[in-house]
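Letters A, B, ... mirror the listed sequences (proteins, then strands); counts begin at 1. Both backbone and side-chain heavy atoms feed into the values below; hydrogens, waters and symmetry mates do not.
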Amino acid sequence: MTNSTADTPHFDKADLKSFRAKLKRWYKVSKRDLPWRKTSDAYRIWLSEIMLQQTTVAAVIPYYERFLNQFPSVHELAEAPESEVLKLWEGLGYYSRARNIHKTAKLIAQEFSGDFPQSADDLQKLPGIGRYTAGAISSFAFNRPAPIVEANTQRLYARLLAYEDSLQATSAQKQLWNFAEEIVPQRDPGEFNQALMELGSQICKPVDPACGACPISKFCLAFQQGRQEEIPRPKMKTELTDVVHLCVALKKGSKYLLQQYAEGERWAGLWDFVRWEQNDFPATLQTVRNKCDTTSSGLFEDTELYAREFARIEQLLADRYQLNAKLTDFRLSIRHGVTRFRISLMCFAGEYVKGSVKTISPSARWVSKSELAEYPLSKTGRKFAESLIASE
DNA sequence: TTCCGGGACT
DNA sequence: AGTCCCGGAA
């Protein structure tokens with residue numbers, strides 16, 4: 001094997017044959033028994049691959065099982081309302097995936113008479129299916145020799161080639177796809193691709209790769225050079241921006257006010273309590289409260305702080321939404337990350353007094369405690385809802 | 001507590 | 001280039 005340019009082969013014929021044979025033998029005894037490996041049904045393969053985008057295997061498994069239980073085929077999925085799909089996706093994150101599978105299911109049912117296209121090129125035209133997912137479905141479900149490059153295989157290829165430069169560059173991606181194209185066999189390409197990913201995730205790990213247990217280490221240039229820890233080059237990280245969000249569970253009688261995030265917004269299609277960004281708000285009320293709970297000396301000051309901040313939030317509700325409300329408690333503070341943002345979410349409870357809730361959002365509606373369970377909420381929305389229900 | 005990993009779309 | 005989310009490891 002030579003470290004050559006993109007348009008010449010990286011393996012000679014004999015090496016490639018040996019590489020494939022060793023990989024195949026390893027996979028046969030090492031493959032994990034995952035739910036989506038029991039089938040070659042394109043619907044199931046597709047569903048699993050979409051769920052696995054940016055998501056770990058352990059997180060996906062229960063969602064996958066529940067989803068199939070509810071929607072055994074693409075037809076049931078196509079017939080369902082989007083809200084039901086979002087509800088099943090609740091907590092998994094990247095909710096555009098849920099909206100896209102619903103769109104795609106409708107397309108497949110209505111325009112493709114229920115059958116997925118088999119070629120990677122055609123699959124890639126469907127919403128939510130990029131080049132990797134198209135190659136995965138085409139090879140796993142239809143045994144077409146389509147190349148794949150995703151996180152695990154990308155790292156594996158980079159080490160095999162001792163690829164020096166940043167993998168994010170367009171030229172790097174081009175070379176990795178070319179390499180994947182070169183090595184994918186005509187015979188059992190699906191099994192081959194799965195074996196590559198399994199090797200990438202279980203052996204060729206990001207940190208402390210298990211080269212001693214790797215069946216193809218003799219073909220690996222990074223291993224030969226003892227540089228498997230430094231290749232691939234770590235991608236430069238974008239720094240996080242701190243933001244503060246305020247959230248108010250407004251109550252009218254026994255009902256809570258919910259609003260639905262609009263298309264194009266973060267959490268589009270999901271529901272939440274009234275919530276907005278307020279970066280000039282102190283993100284430290286939690287610590288203040290903890291201090292207040294444990295010592296009595298600071299109580300007066302803290303009470304004063306609370307009164308001041310409550311009044312300010314009431315004013316914000318009035319200014320932003322022409323809504324009169326009386327804040328009653330500070331309930332909890334949640335920190336969570338969304339892409340490049342680190343959000344401190346301060347959750348309050350309050351009583352509705354007067355004003356139109358439609359100024360908050362046209363979708364705003366009053367929802368009983370039991371109905372709260374039916375609405376798809378973000379992880380933080382659900383956490384707040386649970387805590388409200390628990391304390392009633 | 002912070003850090004890190006994981007594809008598609010615009 | 002920037003956006004979308006959460007779980008689990010460190």
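- Both A:Gly130 and A:Lys235 lie near DNA chain B, and the one whose nearest nucleotide falls closer to the 5' end is A:Lys235.
- For B:dG6, the OP1/OP2 oxygens have a side-chain nitrogen or oxygen of A:Arg155 closer than 4.0 Å.
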Margin query: Strictly under 4.0 angstrom, non-hydrogen atoms only: write out the protein contact profile of nucleotides 1-10 of chain C, one letter per nucleotide from the 5' end, B, S or -.
Written below: --SBBBS---
Margin query: Using salt bridge (charged side-chain N to carboxylate O under 4.0 Å, His left out), reason through A:Glu374 and A:Lys87 one step at a time and then give a plain yes or no.
Written below: CA-CA 7 Å; A:Glu374 312 295 324; A:Lys87 180 62 197 170; over 6 Å; no
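- A:Ile334 has its CD1 atom 16 Å from the C1' atom of B:dT1, to the nearest Å.
- For the contact set between residues 192-216 of chain A and DNA chain B, defined by any heavy atom under 4.0 Å, there are no members.
- Taking atom CD of residue A:Gln53 and atom P of nucleotide B:dG6, one finds them 14 Å apart after rounding to whole Å.
- Each of A:Tyr306, A:Phe384, A:Phe273, A:Phe330 was evaluated against A:Phe348; a single residue qualifies, A:Phe330, per the ring pair (Phe, Tyr, Trp, His ring centres under 6.0 Å) test.
- DNA chain B is contacted by A:Leu126, A:Pro127 of residues 117-127 of chain A, taking any non-hydrogen atom closer than 4.0 Å.
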For residues 244-255 of chain A, which side-chain N or O atoms pair as donor and acceptor with protein atoms under 3.5 Å away, sequence neighbours left out?
residue	atom	partner	partner atom	Å
A:His245	ND1	A:Arg275	NE	3.1
A:His245	ND1	A:Arg275	NH2	3.1
A:Lys251	NZ	A:Glu392	OE2	3.2

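- For the pair A:Ser217 and A:Phe223, the tightest heavy-atom approach, listed with the atom from each and the gap, is O-CD2, 3.4 Å.
- A:Arg365 and A:Tyr375 share a donor-acceptor pair across their side chains, judged by distance under 3.5 Å alone.
- With salt bridges taken as basic N to acidic carboxylate O contacts below 4.0 Å, none links A:Asp121 and A:Arg131.
- Ionic pairing of A:Glu386 and A:Lys383 is not present here: no N-O contact between side-chain nitrogen and carboxylate oxygen is shorter than 4.0 angstrom.
- In terms of the side chain to side chain contact (heavy atoms under 4.5 Å, CB included) criterion, residue partners of A:Phe112 (sequence neighbours excluded) are, by chain and number, A:Ile108, A:Pro117, A:Leu126.
- Here the P atom of nucleotide B:dC3 and the CE atom of A:Met236 are 16 Å apart, to the nearest Å.
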Which donor-acceptor pairs under 3.5 Å do the side chains of residues 52-62 of chain A make with protein atoms, sequence neighbours left out?
residue	atom	partner	partner atom	Å
A:Gln53	NE2	A:Gly128	O	3.3
A:Gln53	NE2	A:Thr133	OG1	3.0
A:Thr55	OG1	A:Met51	O	3.2
A:Thr55	OG1	A:Gln53	O	2.9
A:Thr55	OG1	A:Arg97	NH1	3.0
A:Thr55	OG1	A:Arg97	NH2	3.3

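- In summary, A:Lys326 and A:Glu314 engage in a salt bridge, as defined by a charged side-chain N under 4.0 Å from a carboxylate O.
- Rounded to an integer number of Å, the gap from CD of A:Glu150 to P of B:dA8 is 10 Å.
- Checking B:dC3, B:dC9, B:dG6 against the side-chain heavy atoms of A:Arg342 singles out B:dC3 as nearest.
- Note: CZ (A:Arg335) to P (B:dC3) measures 11 Å, nearest angstrom.
- Each of A:Tyr132 and A:Leu240 was matched to the nucleotide of DNA chain B holding its nearest heavy atom; the match closer to the 5' end belongs to A:Leu240.
- Note: CD (A:Glu49) to C1' (B:dA8) measures 14 Å, nearest angstrom.
- One finds no salt bridge joining A:Glu150 and A:Arg155 here, because no Lys/Arg side-chain nitrogen approaches an Asp/Glu carboxylate oxygen to under 4.0 Å.
- Phosphate contact (OP1/OP2 of B:dG6, side-chain N/O of A:Asn152, threshold under 4.0 Å): present.
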